[in-house]
Amino acid sequence: MTITENLKKVQNAILSACQQADRSSDDVTLVAVSKRHPAEKIREAFEFGQSDFGENYLNEALEKQTLLEELNITWHFIGHIQSNKTRKIAENFAWAHTVDSLKIAQRLSNQRPAELPPLNLCLQINIDGEESKSGLDPDKSQLLELAQTAEKLPQIKLRGLMCIPAPKDNKDDELATFTKMKALQDYLNQHGCQLDTLSMGMSGDIDAAIMAGSTMVRVGTAIFGQRN
Ligand SMILES: *Cc1c(COP(=O)(O)O)cnc(C)c1O
């Protein structure tokens, strides 16, 4: 299968999940996750109309951005954010999905160049409470406090919540986890936040994510094939 055939399949999967969920497909953005794949594959997907790409490793991403400079790509940072990486992320991405502390949000705001629009942020939630995983506790009042503070930072725009759930072996459990994310978003919005984004759903669980209200699915393998 070629990248364009794969993309078509993923687009169709998103369409049919939206139909099932009675949602408009305009409300779900596909972020093509290109980590560990070469710039030429990104170019091929871009030429087929894919505009949003997600990268996990900063140096690898910066190299590809240089090679693809002339393309009008919207770059999403979806890897773990260490403090010493915030400046380059603030300078070179449109979105950061994996913010898990106020300190990181503050650094990104301080380091976002003034001539760029605000950096779009999602707070990463450790929704299944896994010990090994980064992300914030799904504690409503702690999250509300953090979100309200982050919303006031000048050079970022807090857009929503993101998660990487623990693997599940059935659709009901997938749906239950994603529904918890939706409930958190609703809670924050009921208390004055203005979050329009839920970044959730990967190659294997797009349907459940869209059913629960995902607005951004992050798909790698189903588009680009296995990673090296
Ligand atoms: C790698 C990655 C993806 C894509 O995963 P696939 O299983 O290849 O679709 C999505 N989100 C994050 C945060 C990732 O690191």
Side-chain angles (χ1 to χ4, degrees), residues 1-14 16-17 28-39 41-42 44-46 48 50-62 64-65 73-82 85-86 89 92-101 104 108 119-130 132-136 138 159-169 171 173-174 177-178 181 197-210 212-228:
M1 292 276 273
T2 64
I3 288 172
T4 52
E5 286 168 332
N6 287 340
L7 258 177
K8 190 102 207 104
K9 268 180 89 167
V10 171
Q11 287 166 353
N12 284 334
I14 292 171
S16 78
V28 180
T29 300
L30 171 59
V31 178
V33 177
S34 43
K35 62 172 177 245
R36 300 276 186 257
H37 292 289
K41 287 191 171 185
I42 298 177
E44 190 179 337
F46 181 84
F48 190 65
Q50 176 63 33
S51 58
D52 289 75
F53 291 87
E55 289 281 343
N56 294 59
Y57 309 106
L58 184 60
N59 290 339
E60 180 192 327
L62 296 176
K64 287 185 240 181
Q65 288 177 346
I73 287 175
T74 302
W75 292 101
H76 299 249
F77 192 80
I78 63 169
H80 180 62
I81 304 179
Q82 293 152 311
K85 302 284 167 68
T86 50
I89 293 169
N92 293 286
F93 288 80
W95 284 76
H97 290 232
T98 40
V99 174
D100 62 1
S101 68
I104 294 288
L108 290 168
L119 180 66
N120 296 296
L121 295 198
C122 293
L123 299 175
Q124 181 175 356
I125 311 296
N126 185 0
I127 193 68
D128 288 317
E130 294 170 279
S132 60
K133 220 165 253 176
S134 44
L136 294 152
R159 297 293 297 271
L161 307 177
M162 175 272 197
C163 71
I164 308 172
K168 307 283 172 2
D169 59 13
K171 291 274 159 218
D173 289 351
E174 287 173 9
T177 291
F178 290 135
M181 288 286 290
T197 300
L198 279 177
S199 167
M200 59 190 198
M202 307 184 13
S203 291
D205 54 16
I206 288 178
D207 289 22
I210 288 177
S214 171
T215 65
M216 274 193 176
V217 292
R218 310 178 309 265
V219 179
T221 310
I223 297 172
F224 296 109
Q226 292 296 327
R227 289 180 281 273
N228 301 323

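Counting starts at 1 for both ligands and their atoms, in listed order. Just so it is clear, the structure is predicted and the values come from calculations on it, not from any experiment.
- Ring geometry for His76 versus Trp95: interplanar angle under 30°, hence parallel rather than tilted (30 to 60°).
- No donor-acceptor pair under 3.5 Å is formed between the side chain of Asp207 and the backbone N or O of Ala17.
- When only non-hydrogen protein atoms are considered, atom 14 (C) of ligand 1 lies nearest to Lys35 NZ, 3.0 Å.
- At least one heavy atom of Arg227 sits less than 4.0 Å from an atom of ligand 1.
- Atoms of ligand 1 lying under 4.0 Å from at least one heavy atom of Met202, given by number and element, are 3 (C), 5 (O), 10 (C), 11 (N).
- Under a cut-off of 6.0 angstrom, the local environment of CD in Gln226 is sparse, with at most 12 non-hydrogen atoms contributed by other residues, nucleotides or ligands.
- Protein heavy atom in closest approach to atom 11 (N) of ligand 1: Arg218 NE, 2.9 Å.
- Ring orientation note: the planes of Phe53 and Trp75 are tilted relative to one another, at an angle of 30° to 60°.
- Close approach of ligand 1 to Ile78 is summarised as follows: ligand atoms under 4.0 Å from at least one heavy atom of the residue are 11 (N), 12 (C), 13 (C), 14 (C).
- Side-chain atoms of Thr98 come within 3.5 Å of backbone N or O of Gly79 as a donor-acceptor pair.
- Ranking the protein heavy atoms by distance from atom 4 (C) of ligand 1 puts Gly220 N, 3.7 Å first.
- Contact annotation for Asn56 and ligand 1: only side-chain heavy atoms (C-beta onward) come within less than 4.0 Å of the ligand.
- Counting the atoms of ligand 1 from 1 in the order shown, those under 4.0 Å from a heavy atom of Ile164 are 13 (C).
- By the criterion of a heavy-atom distance under 4.0 Å, neither the backbone nor the side chain of Thr98 is placed next to ligand 1.
- For ligand 1, the atoms closer than 4.0 angstrom to any heavy atom of Thr221 are 6 (P), 7 (O), 8 (O), 9 (O).
- Every atom of ligand 1 is numbered from 1 in the order shown, and the set under 4.0 Å from a heavy atom of Val219 is 9 (O).
- A salt bridge links Glu174 with Lys171: the distance from a Lys NZ or Arg NE/NH1/NH2 to an Asp or Glu carboxylate oxygen falls below 4.0 Å.
- Distance CD/Gln82 to CD1/Ile89: 8.5 Å, rounded to 0.5 Å.
- Taking any N or O of Val33, backbone or side chain, none lies under 3.5 Å from an N or O belonging to ligand 1.
- Nearest protein heavy-atom contact of atom 9 (O) of ligand 1 is Ser203 OG, 2.5 Å.
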Practice prompt. Could you go through the salt bridge (charged side-chain N to carboxylate O under 4.0 Å, His left out) check for Glu60 and Lys64 one step at a time?
Written response: CA-CA 6 Å; Glu60 180 192 327; Lys64 287 185 240 181; 2.7 Å; yes

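- A donor-acceptor pair is defined here as one N or O able to donate and one able to accept, closer than 3.5 Å; no such pair exists between the side chain of Gln50 and the backbone of Leu7.
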